[in-house]
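Residue numbering restarts at 1 for every chain, and letters A, B, ... go by the order of the sequence lines. We use all heavy atoms of the structure for the numbers below, so side chains are in, but hydrogens, waters and symmetry mates are not.
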Amino acid sequence: MSVMKPVRTRFAPSPTGYLHVGGIRTALFAWLLAKQAEGKFVLRFEDTDQKREVQGARQHLMNSLRALGLDYDEGPDIGGPFAPYTQSERLDTYKKWAQKIVDSGRAYADPYTPAQVQAFREKAQAAKQPFLYRNHRPDNPPSWDGSQPLRFKSDPKNYQWHDEVMGDLNTGPEVIDDFVLIKSDGFPTYNFAHIVDDNEMEISHIIRGQEFVASVPNYLNLYEALEIEPPTMATVPHIMGAEGNKKLSKRDGAKDVLDYIRDGFLPEALVNFIASLGWNDGTEQEVFSRQELISKFSLSRVGRSGAHFDERRLLWMNGSYIRELALDDLYNQVANYWPDESQAYDDAYKKQVLGLVQERLKFFAELSELTIFFFKDLPIKPELISGHKQLKKLPQDELKSLLEQSKTALEASDFSAQDLTERLNQLLEATSQKPAILFSLIRIATTQAAASPSLADSLAVIGKERSLARLNDQLANL
RNA sequence: GGCCUCAUCGUCUAACGGCUAGGACACCAGGUUUUCAUCCUGGCAAUCGGAGUUCGAUUCUCCGUGAGGUCACCA
């Protein structure tokens, strides 16, 4: 058998927009494969359609990969042994290969106008037949001068091949056609350029979405004509939106992965979540570190059916990663997510607050609304009481009486968490009230929030003077 | 319409042809010195349909049905 070639994988997006979780998955799988084999992960821009280029997309794609920790070893901005890594800068290479295939008699100039080809296509569609250009292949095409499309002269036949994910596939000659290699604007098509580049860049594994699987027989035909050994191929199913069974797309509100990063989703959690969409190691393990993913990932355990993207599961997973972080580490990471009012407070105070909310934080951008009352006196919100399922049943003077008693009890406290806990419990007995009523009332008065961390802990952090002032304020507004 | 692929709880998924189809998210209930959350316990919930092979089928075969992809001078 042949000697094992070094593993070189690639992610080859066209710079037409941002990367969402569906798009990043093929990049992640390629990256995992390369890391696992101590090979190389390559980024290549496929910008052969100038019309579709979106300003800023290149930088955005590179930022997205780096933000997730999917660093590439070779790429447009860092170069490498096969530079350049941008297809629009590699036209000479495609020209060389195009000439080679013309010389071998396996490509020809397309003499038709776009309108004529379109007419052929419509005729086939009207007859409910698949469109095959080769049914109209000219007998004596003009010599290719670069102004016409250059078409592959295909050799239709049966193919069977192995796909690392889909298994053994086979097709008949009816799917092979004369596709365009070089467009009339001089740029290669994806179909031609990626084959040339993967070969030149010594790519060992191609991982891509299932929209390409129907084209593989055509690629195999071209590999033969070019006398290139095809790389290992893996076709991963699409990730679908939460609603319906369509491929996840920006129209479904598929978010930019950088938006998730900006909202305070941890790269580790995102990577874990995305990998688990379609892959698992066969055990009941749900949470995998990056290192575990690298060592345990295998294409053969990637599922063949599409998976829906369920953000609730991502939320859970991110929360579980946040809870595992050391407080100091978390503190450093959330620096930009505090409410504005927190600027007046020191690190020690903010760290105390963070310690209280860590276990309930699902993503960093929630921090502000979860902690605002530790920093700012909020206006009274009557709806917190009128909307409370138990408090709303109590008459006004009883609420007032409970708050007065609470105030008296808290005035006597030194406001350590321990002392507060004791006094609150005594108050519970003295008033013979249910905790759900008494503590909710105190919570609402002191935080103007429906939920907070443990009451005693929260009061201890807010402090005596401020807590009592808020109680008074609530009393004055009952 | 041709060709290709797929099909297990609502969702992500596990199950050499062999216990009662397992786990996780979500949801519901109870518990954890009290809310929300965390944590713990319990609950709800699935093999698309029909034949066939077999002692035995989620698993293998065939036929349906449903879903997705593809049939561009886009990738």
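- Contacts of Leu315(A) with the nucleic acid, taken as non-hydrogen atoms under 4.0 Å apart, are absent.
- Pair assignment for U61(B): A51(B), on the basis of Watson-Crick or G-U wobble contacts that are both within less than 3.5 Å.
- Here G42(B) sits opposite C28(B) as a Watson-Crick or G-U wobble pair (both hydrogen-bonding atom distances under 3.5 Å).
- Between Leu384(A) and Ile444(A), the closest heavy-atom pair is O-CD1, 3.5 Å.
- Using modelled atom types, one side-chain atom of Trp144(A) and one backbone atom of Gln148(A) make a donor-acceptor pair closer than 3.5 Å.
- At U38(B), one or more side-chain N or O atoms of Lys362(A) fall inside 4.0 Å of OP1 or OP2 (strictly under the cut-off).
- Using a 4.0 Å cut-off, no side-chain N or O of Asn425(A) falls inside it from OP1 or OP2 of U33(B).
- Thr48(A) comes within 4.0 angstrom of the backbone, heavy atoms only, and of no base.
- Using atom C1' as the reference point in both C16(B) and C62(B), the two lie 24 Å apart (nearest Å).
- Residues Phe29(A) and Trp279(A) keep their aromatic ring centres 6.0 Å or farther apart.
- Look at NZ on Lys123(A): it is 20 Å from P on G2(B), rounded to the nearest Å.
- Side-chain atoms of Ser440(A) lie closest to U35(B) of the nucleotides U35(B), G10(B), C3(B).
- Across all strands, Glu286(A) comes closer than 4.0 Å to base atoms (heavy-atom distances).
- A distance of about 31 Å separates the P atoms of G42(B) and U59(B), rounded to the whole Å.
- When the nucleotides C12(B), A7(B), U35(B) are ranked by their closest atom to the side chain of Ser305(A), A7(B) comes out on top.
- Although no hydrogens or angles enter the test, the distance criterion places no donor-acceptor pair under 3.5 Å between the side chain of His60(A) and the main chain of Gly56(A).
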Give each protein N/O atom lying under 3.5 Å from an N/O atom of nucleotides 18-20 of chain B, with the pair distance.
none

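- Taking atom C1' on both nucleotides, A46(B) is separated from C25(B) by 15 Å, rounded to a whole Å.
- Phosphate contact (OP1/OP2 of C12(B), side-chain N/O of His308(A), threshold under 4.0 Å): present.
- A donor-acceptor pair is defined here as one N or O able to donate and one able to accept, closer than 3.5 Å; such a pair exists between the side chain of Asn221(A) and the backbone of Asp155(A).
- Nucleotides U47(B) and C6(B), compared at atom C1', are 15 Å apart to the nearest Å.
- Among the heavy atoms of the strands lying under 4.0 Å from Arg301(A) are primed sugar atoms or P, OP1, OP2 only; no base atom is included.
- Two residues, Thr171(A) and Leu361(A), neighbour RNA chain B, and the one matched to the more 5' nucleotide by heavy-atom proximity is Thr171(A).
- One cannot find a donor-acceptor pair under 3.5 Å joining the base of A26(B) and the side-chain atoms of Arg313(A).
- Rounded to whole Å, the distance from CG on Asn170(A) to P on C3(B) is 13 Å.
- Judged by a 6.0 Å distance limit and a 45° cone about the ring axis, Lys351(A) is positioned over the six-membered ring of Tyr331(A).
- Look at CG on Leu459(A): it is 15 Å from P on U35(B), rounded to the nearest Å.
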Nucleotide N/O of nucleotides 69-73 of chain B paired with protein N/O under 3.5 Å:
residue: G69(B); atom: O4'; partner: Gln210(A); partner atom: OE1; Å: 3.3
residue: G69(B); atom: O2'; partner: Gln210(A); partner atom: O; Å: 3.2
residue: C71(B); atom: O2'; partner: Phe131(A); partner atom: N; Å: 3.3
residue: C71(B); atom: O2'; partner: Phe131(A); partner atom: O; Å: 2.9
residue: A72(B); atom: OP2; partner: Arg121(A); partner atom: NH1; Å: 2.6
residue: C73(B); atom: OP2; partner: Arg151(A); partner atom: NH2; Å: 3.1
residue: C73(B); atom: O2; partner: Ser184(A); partner atom: N; Å: 2.9
residue: C73(B); atom: O2; partner: Ser184(A); partner atom: OG; Å: 2.8
residue: C73(B); atom: N3; partner: Ser184(A); partner atom: OG; Å: 3.0

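- Residue Arg304(A) is classed as a sugar-phosphate contact, given heavy-atom separations below 4.0 Å to backbone atoms only.
- As rounded to the nearest Å, U13(B) and U20(B) have P atoms that lie 27 Å from one another.
- When heavy atoms are screened at a 4.0 angstrom cut-off, Gly172(A) is found touching no nucleic acid atom at all.
- Note: Tyr223(A) and Trp161(A) fail the aromatic proximity criterion, with ring centroids not under 6.0 Å apart.
- Using a 4.0 Å cut-off between charged side-chain N and carboxylate O, Asp47(A) and Arg58(A) make a salt bridge.
- Side-chain contact check for Glu324(A) and Ser320(A): no donor-acceptor pair (N or O, by modelled atom type) lies under 3.5 Å.
- OP1 or OP2 of C27(B) has not a single side-chain nitrogen or oxygen of Arg312(A) nearer than 4.0 Å.
- Comparing the C1' positions of U58(B) and C9(B) gives a spacing of 13 Å, expressed to the nearest Å.
- Under the Watson-Crick or G-U wobble criterion, with both distances below 3.5 Å, C6(B) is paired with G66(B).
- If you take CG of Asn272(A) and P of U13(B), they are 13 Å apart, rounded to a whole angstrom.
- Annotation: G52(B) and C19(B) have their C1' atoms spaced 26 Å apart (nearest Å).
- In this structure, Lys392(A) places its NZ atom 16 Å from C1' of U35(B), rounding to the nearest Å.
- Ring pair Tyr112(A)/Phe120(A): centre-to-centre distance below 6.0 Å.
- Residues Asn135(A) and Asp177(A) are not in side-chain contact: their nearest non-hydrogen atoms beyond the backbone lie 4.5 Å or more apart.
- One P atom belongs to C48(B), the other to A67(B), and the distance between them is 16 Å to the nearest Å.
- Whole-Å rounding puts the Asp163(A) CG to C6(B) C1' distance at 13 Å.
- Between Tyr190(A) and Phe212(A), the ring centre distance stays below 6.0 Å.
- When heavy atoms are screened at a 4.0 angstrom cut-off, Thr16(A) is found touching no nucleic acid atom at all.
- The side chain of Asp49(A) lies closest to A75(B), out of C39(B), U35(B), A75(B).
- For the residue pair Asp163(A)/Thr235(A), the side-chain donor-acceptor check at 3.5 Å is satisfied.
- Taking for each of Gly306(A) and Trp316(A) the nucleotide of RNA chain B with the nearest heavy atom, the 5'-most of the two is the partner of Gly306(A).
- Leu181(A) has its CG atom 16 Å from the C1' atom of A75(B), to the nearest Å.
- Pro217(A) comes within contact range of no nucleotide atom at all, as no heavy-atom separation falls under 4.0 Å.
- For the pair Asp168(A) CG and U5(B) P, the interatomic distance rounds to 11 Å; values are reported in whole Å.
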